[in-house]
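First comes the structure, then the notes that go with it.
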Amino acid sequence: MKKVNIETEAIRTQIERTQYLEHSNPLYLTSSYVFEDAEDMRASFADEKDRNIYSRYSNPNTSEFTEKVCKMEGAERGYAFASGMSAVFSTFAALLNSEDHVVSCQSTFGSTQTFFNNILPKWNISTSYFKIDEVDTIEDLIQPNTKIIYAESPTNPAVDILDLKRLGDIAKKHNLIFIVDNCFATPYLQQPIKFGAHLVIHSATKLMDGQGRVLGGVTVGPADLMHKIYLFARNTGPALSPFNAWVLSKSLETLPVRVEKHCENALKVAEFLETHSNVNFVKYPFLKSHAQYNLAKQQMKLGGNVVAFEVKGGVDAGRRFLNSIKVLSLSANLGDTRSIVTHPASTTHAKLSEEDRLQTGITDGLVRVSVGLEHVDDIINDLKQALEA
Ligand SMILES: *Cc1c(COP(=O)(O)O)cnc(C)c1O
């Protein structure tokens, strides 16, 4: 069949129907699967057959979910994890050996940063960081033991954009594995494999579920690398539950329409904030004032759902703003139907030193809004009254 569009892949990718010919995929709550006979059992364990054995290895629901993500990202194979962080951990743990080295963008998800700084060093694996405006000097960071280049784009929470094609070319030249956390963009807006990424990681907890219900993660990429990740995961147990996979697979069916509307609302919110006198600056990839606007337009279909802005008056003003919010939620999640505001300097990034915070663009008054699917006028009105409180 001719290759279909991403919206169709998200809806029509389906594992085999059972004898009941159900239209929508059922939930397979089973920890294990039966064998026909001794020979079937032997061949299955010898990996001579592509079949389900035990739900830590695979399950029809997790297979459907990963198959959809593979089709949407343009990848060969995937493995679904219990959370985004278990995807990050298992991917690195499967591919690295002790004494290896990682090159990463400075601004990463908070727990990923902690993983690089406090957990990988247990195996003498070190990480060197480059800033958004230092892509030109990345090659200086590469050492003989460097194995991975890691990037997030847009970054959290400052929504900076990294040049994925550039990073992909550098990885190729130095024979490194290029990994992108594509959580903020989703495959609907950006497909890193097209720019040279080998592996793409997602926290499915965010826009993929999109309704704030379940945790999940997934890594997709070429069969050889994914086989290593699969073997690591199957023996260490970070598997996604069938129920969460079932929810996430359903969620993907509406991902394109949801993300389209999230982005439409976010652009309007960003435009509103830019005109408000109590706001120092606004960052949104599809605002012309964004430093990497042109790059964002090349890499992404739309600007995403996260808007960062700085309230005038520093930490106190940031906190006062949050305390005045009435409709939006103060919550740690993002990519939910419900709009969410956070103050990174006093919450998610409070453990970083002030210097490290500023390096990653987190000024004291920076507020991150994950723009949801409420009527955009109601989102804007709430932000407006809180800015004026
Ligand atoms: C949330 C998030 C993660 C971690 O995902 P969990 O599902 O919370 O474990 C990783 N990367 C990014 C960019 C995220 O936003």
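We count ligands from 1, going down the list as the structure has it; atoms in each ligand are counted the same way.
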Do any heavy atoms of Gly216 fall under 4.0 Å from ligand 1?
yes

Under a heavy-atom criterion of less than 4.0 Å, does Asp181 contact ligand 1?
yes

Quick one: nearest non-hydrogen protein atom to atom 6 (P) of ligand 1, plus distance?
Gly84 N, 3.3 Å

Ranked by distance from atom 4 (C) of ligand 1, the top protein heavy atom is Phe109 CE2, 3.4 Å

Answer yes or no: does an N/O atom from [X] fall short of 3.5 Å to an N/O atom of ligand 1?
{"X": "Ser86", "value": "no"}
{"X": "Thr205", "value": "yes"}
{"X": "Leu215", "value": "no"}

Ring geometry between Phe35 and Phe45 (parallel below 30°, tilted from 30 to 60°, perpendicular above 60°)
tilted

By number and element, which atoms of ligand 1 are closer than 4.0 Å to a non-hydrogen atom of Lys206?
1 (C), 2 (C), 3 (C), 14 (C), 15 (O)

Contact atoms of ligand 1, heavy-atom distance to Met85 under 4.0 Å
4 (C), 5 (O), 6 (P), 9 (O)

Tell me whether Asp382 contacts the main-chain N or O of Leu328 through its side chain, where contact means a donor paired with an acceptor under 3.5 Å.
yes

Check whether the side chains of Lys250 and Ser24 place a donor and an acceptor atom closer than 3.5 Å, and report yes or no.
yes

Between Thr108 and Gln113, is any side-chain donor less than 3.5 angstrom from a side-chain acceptor?
yes

Would [X] end up clustered with [Y] when hydrophobic side chains under 4.5 Å apart are linked, directly or stepwise?
{"X": "Val257", "Y": "Val4", "value": "no"}
{"X": "Leu199", "Y": "Phe92", "value": "yes"}
{"X": "Tyr150", "Y": "Met226", "value": "yes"}

